[in-house]
J.: 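I have a structure here, written as structure tokens, and I will follow up with some questions on it.
Chain letters run A, B, ... following the sequence lines, proteins first and then strands; every chain starts at 1.
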Amino acid sequence: MKGKKALRLGGAAAVLVALTTACGTAGTANNASNTAGAGTEEKKIEIFSWWTGAGEADGLNALIKLFQQKDPGVQVQNSAVAGGAGTNAKQVLATRMQAGNPPDTFQVHAGAELMAWVDAGKMEPLNDLYQSQGWNDKFPQQLIDMVSKDGNIYAVPVDIHRGNVLWYNKKIFDQYHLQPPTTFDIFFKDADILKQHGITPLGLGDKDTWEATMLWEDVLLGTVGPQKYDQIWQGKVSWDDPGIRQSLETFKKMLQYVNSDHAALDWQDGSQLVATGKAAMNVMGDWAKGYYTTDLKLKPNVDFGWCVTPGTEGDFMVISDTFGLPKGAPHPNTVLDWLKVLGSTEGQDVFNPLKGSIPARIDADPSKYDVYSQQAMADFKKDQLTPSLAHGSAASPGFLDAVNTAMKVFVTNQDIDQFISALKTAAQENNLGQ
Amino acid sequence: MDSLQRMDAVPQGRRRRPWTWERAYPILTLLPSIIAIAIFVYGFIFWTGYISLTKWNTLTVNLAWNGLRNYALLFQQFRFQADLRNLLVFTILFILCCLVIGLLLAVMVDQKLRTEALFRNIFIFPMALSFIVTGVVWQWLFAPNSGVNLILKALGVKHLPQWYVDPTIVPPGWHVGQIQLGLPIALIAVVVAAVWQMSGFAMALYLAGLRAIPEELKEAAAVDGANAWQTFWKVTFPQLHPITVTTTIILAHISMKIFDLIYAMTGPGPMFATDMPSLNMFNTTFQGNHYAQGAAIAIIMLLLIAVFIVPYLVSAFRQEGRS
Amino acid sequence: MSARAVRRSLLYIILIVFACFYLMPVYVVIVTSLKSTAEIDLSRMWQLPHQLDFSSYADAFNHLAPNFWNSVYLAIPGTILSSLLGSINGYALSKWKFRGANVLFPIILFGMFIPYQSVLIPLVQFLDAIGLYNSIPGLILVHIIYGIPITTLIFRNFYAGIPDELLEAATIDGTGYWGIYRHIILPLSISGFVVVGIWQFTSIWNEFLFASTITQPPHQPVMVALQNLSGSQIVQWNVQMAGAFLAALPTLVVYIFLGRYFIRGLLAGSIKG
């Protein structure tokens, strides 16, 4: 087994050495493989993702189509793994990577989730690609930082989702003359009015736990601000910090306004509560917009409205899907061609309107996007970008796993001391910030 | 034991036969299977045991020695403590319900009914289904706003149970380690689904047991003036004792391994009220990438099962040796 | 009415109540899967459909068809091969006593009681090393190997019922080991093969843990695909129900037509037989 793996890695390394030199001399990736002496590479690529839902699968297919137009004759294997909002896919990916059998390229969230692979020495740097494509000033620096380590860039972001969005039922808000809750004070004022009228103030579906973690991270960001928020995940803030405790107090208070069956519902069920008027508000990433407009056929600003989650004006919780080049990928040259399409404005504008996300590039064409996305695109350019914990960008998968475990307990027993001590243990066990 | 000794004695008693391929065939036939079991069962268990003592709690393989630390951490975890409680509660409820319902159904079906085959088939058919199918379907039946609760609502029940969403543990007040001891309400829905699927198994075994009891025994009791009720408890039930033991063992090992049903129906549940070691192992290993810790859970599961399966196997074959 | 008649009626009533409980999920599955998407509403779960609508079956079939065929390609060779292996093993153990057989057998048998979690990590590594990870043949191999204990057990108990005189007569005639197996044992094994075959087919078809860890799309068997389909509202639950029905159909059909043998397998699986 070892011998085989070594052979495979050796071959790939040879290709890559040739490839990096070829890129430097503006040669295309294709003739690089010819000079490598490792045999000509088949024009083939296996693209690994968890994009199987309606809009995202369409987006991926459109991207693949564009890729095939640019690169006629390329064979694409779309290995999208359904289920569990990516958890199934990540499991499959880990098994394959360990076995030394990586897909050519795979979907991974920017930040810690990508860095887990980088730290394991499984990813190839893409600095030359960025250089040759002139991408270094086309993506926000804060985003490039999220996919970089020690000056090396390891992935190409294809989309941006915003995590700190609060959706509300426009009709209910109009009926009771409520103000969009941009601060916690307004939020609780609204919530009390709604409760008096027998409407669940906050819809939540946290069957898969990350939904609750996400709500808390938005509360945390709104409480401590972006600088401290970042520092927490870098291990620079004590867990006994009053800001963290205060965020948990607020979060705990919020939980008193949620639907009682939240543990049985997933995020869509939670969002749907707002759509059907059973609940007035819902905190969810902006993929919920796609669910509202595409699946439930609701109209933005008529049926539903939105604002940033309380206290996070000027902050942008980033969830970004990226693709990179794993070491030992069977067709590295084709991957580079694929990444070029992913990082181009054309590629981003083909994919994102269908998926309901916004482009990661700052020079994309706003006219291709809907009213929500245009606003988000404008914010994305000027806001402070913060990495999402719940989506694996802020801290390692091991730490996130431990937080989710503790969160599952917290949403029920609401014991802040126990939660904080679980955070401490998790940070220690998973070497947070190192 | 007798037959074992007899077998050992035979070759010495006779003149040694010359070596032929004929004599080697049985062992040659079995050899591939023996090797496969040696590797895939015992070798792999050994390897898992080794992994559980390493630091492989990362995305990449790391076999540095970690001693018993993974086990120590496990027992401090809220989740694992809850798992052990759930496993115990689930196993007891599941076995008890299966045995009682299985015996009841077997006795009722055994009343020389014309429709016996129909009822028997209805009670056993869930056994032919996958736990995944059962989980998918019962998930909807116990959804708080649907299924069973619609019937309860129609019957006028005011406080509808929240089933697998309810994190309550009864009775309140017993705390051990980080967790509360008692019956997690959420587990009841899972027990119902599991009993629905497996009680037919208990019925089939009891039915076979009932049929094996000689009629004369019951007739003799009837002659002595015992009524049907007394006959059952004095004559029939004691005769079923070995069946009860076998069924309990089989159900217990199914219960300790239960995975698919929980995975499909509820997942870990609120506050891990429906979590099990099997599910924890799967999440920890393949989703959390904590391989060493997952291996430790697997080894604990194995030990829990071996504690009663090994004596059972030993006694079963000792009996067989005697007969 | 005589006391006996009262007792009988009471018995039937209780039995019917139980039967309703066992059939309740079947009712929900069938009723729901025949509703159109427009009629799907959790609060009307128990109501009959206004109009029969088979579109959820078409939808479920679209989702599951490739995985369904994976399961067929998995379960049929898996069943045949593991039954054959069990048969020759059972023959070797039951008719040709050798020193240590009674120690060896429980050691093999222990393999069917282990939680498969305890072999899962090495198994994945091993299958990858031999190039069978994420393939149906890999999964077939796994089911054959972990099926050895149960298939051997059932055949061993089955062959124990064949009188030794038959074999002794053949030995005197000079028929060899494999000759006896072919000409005497095998023809008598038909019902044994049916029992073991049904057992293995049902377990392989329904298995989830190995399938979900060893295979990925597009090689996943139907149960994994069904699980991925479920628990989300992106796929409507009428489609989930139709999917559950389709996935359960093969083993249900086997049960309906060969239920007798299925029950014999159940009993045989509990060691004593």
Side-chain angles (χ1 to χ4, degrees), chain B residues 4 7-8 22 25-27 29-30 33 36-37 40-41 44-45 47-48 51 105 108 111 119 121-125 128-130 132-133 136-138 140-141 143 145-147 150 201 204-205 208 246 250 253 257 259-260 264 278 281 285-286 291 295 298-299 301-302 305 309 313 316-317 321, chain C residues 11 14-15 18-19 22-23 25 28-29 42-43 45-46 85 88-89 92 96-99 102 106 108-111 113-115 117-123 145-146 148 152 176-177 202 206 208-209 213 223 226-227 230-231 237 240 244 247-248 251-252 255 259 262-263 266-267 270-272:
Chain B
L4 271 179
M7 270 183 352
D8 290 346
E22 284 293 303
Y25 276 140
I27 197 74
T29 311
L30 285 169
S33 298
I37 295 287
F40 281 77
V41 174
F44 283 5
I45 287 175
W47 185 235
T48 305
I51 291 173
L105 292 179
M108 289 197 297
Q111 300 300 314
F119 282 117
N121 283 330
I122 289 175
F123 298 145
I124 298 180
F125 96 92
L129 300 180
S130 165
I132 296 292
V133 170
V136 167
V137 175
W138 281 91
W140 291 108
L141 281 169
N145 55 348
S146 180
L150 293 180
F201 173 70
L205 265 90
T246 307
I250 304 285
H253 107 274
K257 293 203 278 194
F259 171 72
D260 326 15
S278 56
M281 186 276 171
T285 311
F286 297 107
Y291 289 79
I299 292 298
M301 286 176 69
L302 180 75
I305 288 180
I309 286 294
L313 282 176
F317 281 89
Chain C
L11 180 67
I14 300 175
L15 278 172
F18 269 102
Y22 281 86
L23 292 175
V28 171
V29 168
L42 280 177
S43 60
M45 180 187 260
W46 301 99
L85 188 62
I88 59 170
N89 282 346
W96 300 81
K97 301 272 186 217
F98 52 90
R99 193 192 294 241
N102 271 17
I108 293 178
L109 219 49
F110 183 65
F113 292 105
I114 59 164
Q117 275 86 352
S118 65
V119 294
L120 214 48
I121 303 172
L123 184 65
I145 288 172
Y146 293 105
I148 287 173
T152 305
Y177 181 80
T202 311
N206 290 342
F208 179 74
L209 181 62
T213 34
M223 285 307 157
L226 174 66
Q227 160 61 24
S230 87
W237 65 295
Q240 296 179 25
T251 51
L252 268 184
Y255 176 72
F262 178 79
I263 294 170
L266 284 187
L267 300 179
S270 58
I271 298 199
K272 300 273 172 54

J.: Measure distances from Ile148(C) to the heavy atoms of chain B and classify the residue's part below 4.5 Å as side chain, backbone, both or neither.
T.: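 Only the side chain of Ile148(C) comes within 4.5 Å of chain B.
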J.: Do Ile37(B) and Tyr146(C) have side-chain heavy atoms sitting under 4.5 Å apart?
T.: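 Not in contact.
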J.: Please determine, among Gly176(C), Ala244(C), Pro106(C), the option with the most heavy-atom pairs under 4.5 Å with chain B.
T.: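 Looking at each of Gly176(C), Ala244(C), Pro106(C) in turn, Pro106(C) comes out on top.
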J.: With sequence neighbours left out, what residues match Asn206(C) under side chain to side chain donor-acceptor pair (under 3.5 Å)?
T.: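 Result, side chain to side chain donor-acceptor pair (under 3.5 Å) vs Asn206(C): none returned.
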J.: Check whether Val29(C) gets within reach of chain B through its side chain, its backbone, both or neither, counting any heavy atom under 4.5 Å.
T.: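 Side chain only.
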J.: At a heavy-atom separation under 4.5 Å, does Ile263(C) approach chain B through its side chain, its backbone, both, or neither?
T.: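 For Ile263(C), side-chain heavy atoms alone lie under 4.5 Å from chain B.
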J.: Given that the side chain runs from C-beta out, which part of Leu30(B) has a heavy atom under 4.5 Å from chain C: side chain, backbone, both or neither?
T.: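 Answer is both: backbone and side chain atoms of Leu30(B) are under 4.5 Å from chain C.
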J.: Which bit of Phe125(B) comes within less than 4.5 Å of chain C, counting heavy atoms only: side chain, backbone, both or neither?
T.: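 Both backbone and side chain of Phe125(B) come within 4.5 Å of chain C.
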J.: Would you say Phe44(B) and Ile121(C) make side-chain contact, with heavy atoms under 4.5 Å?
T.: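 Sidechains of Ile121(C) and Phe44(B): no contact.
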J.: Does the side chain of Pro26(B) reach to within under 4.5 Å of the side chain of Tyr177(C), using non-hydrogen atoms?
T.: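 Counting from C-beta outward, Pro26(B) and Tyr177(C) do come under 4.5 Å.
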J.: Among residues at least two apart in sequence or on other chains, which ones pass ring-ring contact (aromatic ring centres under 6.0 Å, His included) with Phe262(C)?
T.: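 Phe262(C): ring-ring contact (aromatic ring centres under 6.0 Å, His included) contacts with Tyr255(C).
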J.: Return the option, out of Ala208(B), Ala295(B), Ser278(B), with the maximum number of heavy-atom pairs under 4.5 Å with chain C.
T.: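 Max contact count across the listed options: Ser278(B).
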J.: Checking heavy atoms, do the side chain of Leu85(C), its backbone, both or neither come under 4.5 Å from chain B?
T.: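 The side chain, not the backbone.
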J.: Given a strict heavy-atom distance threshold of 4.5 Å, which part of Ile124(B) is in contact with chain C: side chain, backbone, both, or neither?
T.: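 Both parts, backbone and side chain.
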J.: So which part of Thr251(C) gets closer than 4.5 Å to some heavy atom of chain B, the side chain, the backbone, both or neither?
T.: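 Contact with chain B: backbone and side chain both.
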